Amino acid sequence: MSASKDCVKVDRPLVKTRLGLISKPDEDHPENRNRHLMIVHQHCAIKGAQFGSLFGLAVGPPLFYMLKYRAGFISAKTLDLTAISVGLFTGVSTAMCYGVLRNATDEAVFDRAYRLFNNEAQNRSDVYSLGGALVTSAFALRIPMGYGRAACAGIGLGVLMHCAYKPFAAREPLVETPDVQEKSA
């Protein structure tokens, strides 16, 4: 039994993907609403997880210190709060995204998906948060803290690393402007 030509599309080469989960928005068919909704909803879920992780890491240590637990920065209680925050804010942000996009036009959804895919800062933030989750999960192999809780904390730590790296990144113009050409001459 042979597969039909519609099942496999080989006419488009693979281009950069967003965390390896979805591919580039379909520019040839901006009316492909479901695909573009998936891209925007994934973005909202990732940003909710990032915010939840940062919230748990920022609120947990002072809260548990004030409650006289005297726990360290990365304690079991902080990791629990971070994991709960990640789940809560991921759900809330996805629900809010659904509410906003429910009545949006196909063109508006395509425009948002296209801009999200091509935004380098968004993509770098997502990659750093994924890297932070993987690194802290690897630490969980040696320290008994639980893989899921460690990954939830790593998401926020990855975002903080992204923010710390951003000011030190090389900022060279993509195209030499006349001002740059005159200074080099």
Side-chain angles (χ1 to χ4, degrees), residues 16-25 34-104 109 112-169:
K16 71 177 185 178
T17 59
R18 207 176 152 80
L19 292 181
L21 300 176
I22 56 177
S23 61
K24 189 174 181 179
N34 290 336
R35 180 182 179 91
H36 302 133
L37 278 173
M38 180 183 71
I39 294 170
V40 177
H41 280 292
Q42 180 195 10
H43 166 75
C44 290
I46 290 171
K47 294 305 165 193
Q50 290 173 351
F51 179 76
S53 180
L54 289 171
F55 179 82
L57 291 174
V59 171
L63 176 70
F64 296 126
Y65 185 79
M66 288 178 4
L67 293 175
K68 309 243 186 305
Y69 284 108
R70 306 277 192 251
F73 176 69
I74 302 295
S75 66
K77 292 186 182 306
T78 301
L79 292 175
D80 288 340
L81 178 67
T82 302
I84 291 169
S85 300
V86 166
L88 177 72
F89 285 110
T90 300
V92 167
S93 67
T94 306
M96 290 171 58
C97 180
Y98 172 77
V100 169
L101 294 177
R102 182 177 45 187
N103 297 324
V109 174
R112 185 66 182 144
Y114 183 81
R115 286 185 290 125
L116 284 172
F117 182 81
N118 290 305
N119 189 328
E120 289 183 21
Q122 295 284 349
N123 291 324
R124 189 174 56 243
S125 172
D126 295 347
V127 168
Y128 273 60
S129 64
L130 177 65
L134 293 174
V135 167
T136 53
S137 293
F139 280 127
L141 293 171
R142 304 294 289 168
I143 303 168
M145 67 171 88
Y147 302 115
R149 295 186 310 170
C152 288
I155 291 170
L157 295 175
V159 172
L160 292 175
M161 287 302 298
H162 158 73
C163 293
Y165 171 74
K166 188 176 177 182
F168 301 110

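Not measured: the values here are computed from a predicted model.
- In terms of heavy-atom proximity, F55 sits nearest to S85 at CD2-OG, 3.5 Å.
- Using a distance-only test at 3.5 Å, with no hydrogens or angles considered, a donor-acceptor pair links the side chain of T136 to the main chain of A150.
- A distance-only check finds no donor-acceptor pair linking the side chain of T82 to the backbone of A153 [under 3.5 Å].
- Note that SG of C97 and CZ of R112 are 9.0 Å apart. Values are rounded to the nearest 0.5 Å.
- Counting heavy atoms from C-beta outward, L160 and L54 have side chains that approach closer than 4.5 Å.
- With rounding to the nearest 0.5 Å, the separation of CD in Q50 from CZ in F89 is 13.5 Å.
- Looking at S53, its side chain never comes within 3.5 Å of a backbone N or O of A49 through a donor-acceptor pair.
- In this structure, OG on S129 lies 12.5 Å from CZ on R124, to the nearest 0.5 angstrom.
- For the pair V40 and V109, the tightest heavy-atom approach, listed with the atom from each and the gap, is CG2-O, 4.2 Å.
- Across T94 and T90, no two heavy atoms sit closer than the pair OG1-O, 2.8 Å.
- Between Y147 and L141 the shortest side-chain heavy-atom distance falls below 4.5 Å.
- F117 approaches N123 most closely through the heavy-atom pair O-ND2, 2.8 Å.
- In terms of heavy atoms, K47 sits closest to S125 at NZ-OG, 3.5 Å.
- Looking at every heavy atom in both residues, S137 comes nearest to A151 through OG-CB, 3.4 Å.
- Expressed to the nearest 0.5 Å, how far CG of L130 lies from CG of D126 amounts to 9.0 Å.
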